[in-house]
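Since the structure comes first, as structure tokens, the remarks are kept for the end.
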Protein chains: 2
Amino acid sequence: MAHPRKTPDPVDLPQRARLTPQRLAVVEAIRRGPRSFTVAELYDRARRQEPKLGLATVYRTLELLRRTDAIRPLAGSPRAEYVRCSPGHHHHLICLSCGTVEETELCAAPSDAELRRRHGFAPESHELDVYGTCAECRAA
Amino acid sequence: MAHPRKTPDPVDLPQRARLTPQRLAVVEAIRRGPRSFTVAELYDRARRQEPKLGLATVYRTLELLRRTDAIRPLAGSPRAEYVRCSPGHHHHLICLSCGTVEETELCAAPSDAELRRRHGFAPESHELDVYGTCAECRAA
DNA sequence: ACTGATACTGATAATCACTCTCAGTTACGG
DNA sequence: CCGTAACTGAGAGTGATTATCAGTATCAGT
């Protein structure tokens, strides 16, 4: 889980949203926790700060954060998992051995032109998840 | 990586598995149906051939097929969706307008060497889903 | 053909992740 | 302060998936 980051990832709420203690608790729990997490785990951690917190509020807050790309549901994994994301285009390296998720800015999706020519398809976005073994697990 | 395809997609069961009428019905329903489908849709169609078919059996068969990469859960879409896959490495083009899923052999994931150098990560596999607008919807 | 082991089955209950509802509460611009 | 729209927790509701279990089908060895 140890991946040096220079600046802590911003985890922001949308502009219109009110800053409530409940939302703060969720955001803090995300910020302080591991990069990837399940809703249940997050709920548990956020409740340590805000014991009355309701599960529905956690889902509501996650939805807000998803809209700002602060987090992203983790595709291809057991359900109910999210990853905390830094801003900007990036993809995920998922370790099959320990489950940690790393980000990479490396990206090599098929080019728009190629997709258009070969498939008549106009791409808007893409998701790339790479599975394998992380540095730590390879060392061990 | 890219395998051009002449023959219709094989939809095979694992070698050890018994070929029961129920499984046949599920496999046939997949083969004859659209490329992407929900479990509920599949269940309905398979029951036309095998009316006594149980839902649990459908799930069990889907799990078998998933293990052989004959189908794949569709990441990032509403739950309970699968895509029928051709053999060989490929990725999916998902139309945001009509929801159809197309396959492409175009693939440009970050190179193993690059991932290893930059992240110490040893990749084994990857998943790439491209979202956009398909040829038909662009025409309309 | 018999037989025991094992794989498979449908029905149903149980579990899970998530969503909805609603009455009460709160943040915050004015 | 105050009005109000946004937010809240609790819990019921929903839909997908998994687990359980007793009965059934198939297979390998005789």
Side-chain angles (χ1 to χ4, degrees), chain A residues 11-30 33 36-68 70-84 99, chain B residues 11-30 33 36-68 70-84 99:
Chain A
V11 178
D12 298 325
L13 291 166
Q15 304 176 334
R16 286 306 187 84
R18 284 192 197 159
L19 194 51
T20 66
Q22 293 87 345
R23 284 178 180 173
L24 256 180
V26 172
V27 168
E28 278 304 298
I30 291 174
S36 67
F37 54 90
T38 66
V39 175
E41 287 162 9
L42 180 63
Y43 181 46
D44 283 348
R45 270 188 296 117
R47 269 214 294 194
R48 294 212 274 273
Q49 176 173 333
E50 195 67 31
K52 295 272 191 175
L53 185 66
L55 183 56
T57 299
V58 174
Y59 278 102
R60 287 186 281 239
T61 306
L62 285 175
E63 176 56 22
L64 289 177
L65 291 171
R66 206 188 48 73
R67 279 200 222 125
T68 63
I71 60 169
R72 191 190 298 176
L74 190 52
S77 77
R79 47 177 26 197
E81 269 203 272
Y82 285 82
V83 243
R84 168 164 43 86
Chain B
V11 178
D12 297 325
L13 292 165
Q15 304 178 332
R16 285 309 187 82
R18 286 189 195 159
L19 193 52
T20 66
Q22 292 88 345
R23 284 178 180 174
L24 253 181
V26 173
V27 168
E28 278 304 298
I30 292 174
S36 67
F37 55 88
T38 66
V39 174
E41 287 161 8
L42 182 63
Y43 181 46
D44 283 349
R45 272 188 294 118
R47 269 215 294 194
R48 293 212 276 272
Q49 176 174 332
E50 194 69 29
K52 296 274 192 174
L53 185 66
L55 184 57
T57 299
V58 174
Y59 278 102
R60 286 187 281 240
T61 307
L62 285 175
E63 175 55 23
L64 288 177
L65 291 170
R66 205 189 48 71
R67 278 202 223 125
T68 62
I71 60 171
R72 191 191 297 175
L74 191 50
S77 78
R79 299 246 103 98
E81 269 203 274
Y82 284 83
V83 244
R84 169 164 44 86

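Below, read A as the first sequence line, B as the second, and so on, with proteins coming before strands; counting in each chain starts at 1.
As judged by a 4.0 angstrom heavy-atom cut-off over every strand, L55(A) is placed among residues making no nucleic acid contact.
Taking all atoms of both residues into account, the shortest heavy-atom contact from A25(A) to Q49(A) is CA-NE2, 3.7 Å. Of all heavy-atom pairs between R18(B) and R23(B), the closest is O-NH1, 3.2 Å. Shortest non-hydrogen contact noted between L53(B) and A46(B) is CD2-CB, 3.5 Å.
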Per-nucleotide protein contact string for nucleotides 20-30 of chain C (B base, S sugar-phosphate only, - none; heavy atom under 4.0 Å): BB----BBS--

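Checked against side-chain contact (heavy atoms from CB on, under 4.5 Å), R45(B) has the following partners two or more places apart in sequence or in another chain: A29(B), P34(B), F37(B), L42(B), R48(B). Every residue was checked against the salt bridge (Lys or Arg N to Asp or Glu O under 4.0 Å) condition with E41(A), not counting sequence neighbours, and none meets it. Residues that satisfy the side-chain hydrogen bond (donor to acceptor under 3.5 Å, both in side chains) test with R47(A), not counting sequence neighbours, are Y43(A).
R23(B) has a side-chain polar atom (N or O) that falls below the 4.0 Å cut-off from OP1 or OP2 of dT9(C). Of the side-chain N and O atoms in Y59(B), none sit less than 4.0 angstrom from OP1 or OP2 of dT18(D).
Rounded to a whole Å, the CD atom of Q22(B) is 14 Å from the P atom of dT24(D). Per the geometry, OH belonging to Y43(A) stands 12 Å off C1' belonging to dT8(D), to the nearest Å. R47(A) has its CZ atom 15 Å from the C1' atom of dT8(D), to the nearest Å. Computed from coordinates, the L42(A) CG to dC18(C) C1' distance equals 15 Å when rounded to whole Å. Remark: C1' of dA16(D) and CG of L62(B) are 12 Å apart, rounded to the nearest angstrom. Atoms NZ (K52(B)) and C1' (dG23(D)) sit 14 Å apart, rounded to a whole Å. Between the P atom of dA6(D) and the CD atom of E63(A) lies a distance of 16 Å, rounded to the nearest Å. Nucleotide dT8(D) holds its P atom 9 Å from the CG atom of L53(A), rounded to whole Å.
Within the structure, salt bridge (charged side-chain N to carboxylate O under 4.0 Å, His left out) pairs that include any residue of residues 52-62 of chain B do not occur (at least two apart or interchain).
Checking dT30(D) for Watson-Crick or G-U wobble geometry (two distances, each under 3.5 Å) identifies dA1(C) as its partner.
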